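The structure under discussion appears below in the form of structure tokens.
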Amino acid sequence: MSANTKYIFVTGGVTSSLGKGIISASLAKLLQARGYTVTIQKLDPYINVDPGTLNPYEHGECYVTDDGAETDLDLGHYERFLNVPTSQANNVTTGRIYQAVIEKERKGEFLGKTVQVIPHITDEIKNRIKILGKTGKFQFVITEIGGTVGDIESLPYIEAVRQLKWELGHDCMVIHLTLLPYLSTSGELKTKPTQHSVKLLLEYGVQPDVLVCRAEHAINKDIRRKIALFCNVNEDAVIEALDASTIYEVPLLMEKEKLDVIVLKKLGLAAGTQLNLDKWRGFLQKLYNPKQEVKIGLIGKYVELKDSYKSIAEAFIHAGVMHEARVRLEWIHSESLTETNVLEKLKELKGILVAPGFGNRGIDGKILAIKYARENKIPFFGICLGMQCAVIEFARNVLGLKDAHSREMNPATSSPVIDILEAQKNISHMGGTMRLGAYTCRLEPGTLAEKIYGTRETQERHRHRYEFNNEYIKHYEEAGMVLSGINPDAGLVEIVELPNHPFFVGVQFHPEYKSTVENPHPLFVSFVKAALEV
Ligand code: GLN
């Protein structure tokens, strides 16, 4: 690639949760739509080495990449917007930075020097930022810095940004995302918190080039002028970011505000090819004008926090649009389901998805929901733990193995239809020790799975410890369950399905991670179709 890679940093001010991930993904989308190659990286200031060991209530879903990295859910947005896979290099935490520096120290790589935040930690941060640029695959690397400017934890990251801005000159710029609160009593948007937040950045030696201002009301010329004057940015670099009814609208809002044009100008680049967002607009058009609606139940145990199942919810949006339908998700806590209320609670649903998860809580409710879906021929889709529960349900209620369970939930079960692999048994560490990332799945001829994918082989992402126990294969096949997806290298069961049912599919992997606006996942598309036909 001839020109240097351009580095764009996105920092946050005033409050957290302003949507840095969506703004980053939207800018990336606009640059991509002008013919540039872009990737996005997230730097997370917490001490966990990765979010894999975090409870979903803490940080939402853990997103998994092809190369098996357990990452922040923002990477899911990056992939859904750009349709380009991310990798381990796209998410870095403070824990990982320190782990790497401490390992180097133990190996003696610092030659007796005192190891310090500056330069050792900041150098490691800078390396991690530049790794993606060095692949030569991207003209732009957009790096989102987690947290809010002023947090103690994010200081070394801001310092690394300052140094890179100095070293890279015109190849680098900073976008600061901030909030203009609206005071209803005076009917005004207030700029003071933004001024303070930029002052804080300046104290750290970083002058932002663009300010993206979240606001509930339009930002008029006077306010733009005022912000520009107090924060040393051009007036046209004060960008308005109004609340959007869907995240997929944000690239268009940013286009209207010319965020991409300002960024390209600042970095001394041509506008690229004509901006082409036709497909994206087509998607939004359908999203806003559904011709039908379908109610699908999502049975899980982290339903109080919708972010826990972010990728599943988004995959349903993509799949719905394919059918010009709106999928209305009903979030149902698996613990709330009992023998007596299951019919009442599920009878309105046209489809039932049993979600991934860990641990015993809520398992009985999941099994009850699956029994209901199987017996009443309601389309059922089980993902990871959801597939394992379908296997357990079938063992108990069809094969007559009353004690059947997963070894995870009942280590003493006499029928461990879901079991841990020998290789996993002696692992005592929790972090990064699961079957993670993309594995091949062979699709058996003549099965529903083969028909849905339209191919004989696929790659899907995994995140689990337990597996279908192959000692029971014969029992299942004889009783009519079809094992339609197999990992050819290890012989592990990847997909189970039931014929004589409109749609009964359980998958050991996570198809939701691979659904994007441009490529909705075929399993979700087919599941929604089956639900629409009920
Ligand atoms: N707890 C199960 C396992 O470890 C399923 C994991 C999941 O649903 N992601 O195998």
Side-chain angles (χ1 to χ4, degrees), residues 50-57 59-66 68-71 73 76 298-303 305 307-313 315 333-335 352-367 369-370 380-393 395 404-411 413 416-439 441 460-470 472 485 487 490 492-496 505-515 521 523:
D50 60 42
T53 50
L54 285 171
N55 183 327
Y57 288 128
H59 216 71
E61 160 190 288
C62 171
Y63 186 77
V64 178
T65 58
D66 277 335
E70 297 177 275
T71 72
L73 58 76
L298 190 156
I299 322 273
K301 71 167 176 175
Y302 311 108
V303 291
L305 182 70
D307 270 0
S308 309
Y309 303 111
K310 192 79 199 161
S311 294
I312 293 178
H333 203 300
S334 49
E335 270 184 316
I352 291 175
L353 181 137
V354 175
F358 293 83
N360 198 23
R361 190 164 67 92
I363 284 289
D364 294 338
K366 289 184 174 178
I367 293 173
I370 295 167
F380 162 77
F381 191 16
I383 298 184
C384 209
L385 181 61
M387 171 267 201
Q388 297 177 354
C389 287
V391 168
I392 296 164
E393 191 278 327
H405 221 322
S406 161
R407 194 83 78 181
E408 178 183 9
M409 319 302 165
N410 176 9
T413 173
V417 289
I418 303 291
D419 205 352
I420 196 155
L421 290 184
E422 261 326 295
Q424 287 271 358
K425 274 189 186 154
N426 296 321
I427 292 174
S428 56
H429 277 41
M430 293 304 271
T433 54
M434 284 185 265
R435 184 174 170 219
L436 285 167
Y439 285 87
C441 173
E460 291 284 3
R461 299 182 193 172
H462 291 249
R463 181 170 186 255
H464 58 103
R465 283 198 178 80
Y466 295 81
E467 305 280 353
F468 182 98
N469 184 345
N470 283 359
Y472 291 86
N487 172 260
L492 296 169
V493 174
E494 302 268 345
I495 310 178
V496 302
V505 177
V507 294
Q508 184 58 82
F509 47 79
H510 291 266
E512 70 275 22
Y513 295 144
K514 284 187 71 171
S515 185
H521 196 288
L523 284 169

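None of these values were measured; they are calculated from a predicted model. Counting starts at 1 for both ligands and their atoms, in listed order. Every heavy atom of this structure was used, including side-chain atoms; hydrogens, water molecules and symmetry mates were not.
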For a side-chain contact (heavy atoms from CB on, under 4.5 Å) check, start with the C-alpha distance between His405 and Ile363, then their side-chain angles and the critical distance, and finish with the verdict. CA-CA 10 Å; His405 221 322; Ile363 284 289; 3.8 Å; yes
Per the under 4.0 Å non-hydrogen criterion, ligand 1 touches Pro356, Gly357, Phe358, Cys384, Leu385, Gln388, Glu408, Arg463, His464, Arg465, Tyr466, His510
Does the side-chain hydrogen bond (donor to acceptor under 3.5 Å, both in side chains) test come out yes or no for Glu460 and His521, once each step is laid out? CA-CA 11 Å; Glu460 291 284 3; His521 196 288; 2.6 Å; yes
With Met387, the side chain to side chain contact (heavy atoms under 4.5 Å, CB included) member among Val493, Ile370, Val505, Ile392: Val493
By side chain to side chain donor-acceptor pair (under 3.5 Å), which residues pair with Glu61, not counting sequence neighbours? Ser311
Trace of the salt bridge (Lys or Arg N to Asp or Glu O under 4.0 Å) decision for Glu512 with Arg463: CA-CA 12 Å; Glu512 70 275 22; Arg463 181 170 186 255; over 6 Å; no
Determine, for Glu335 against Arg361, whether the closest basic-nitrogen to carboxylate-oxygen distance falls under 4.0 angstrom. yes
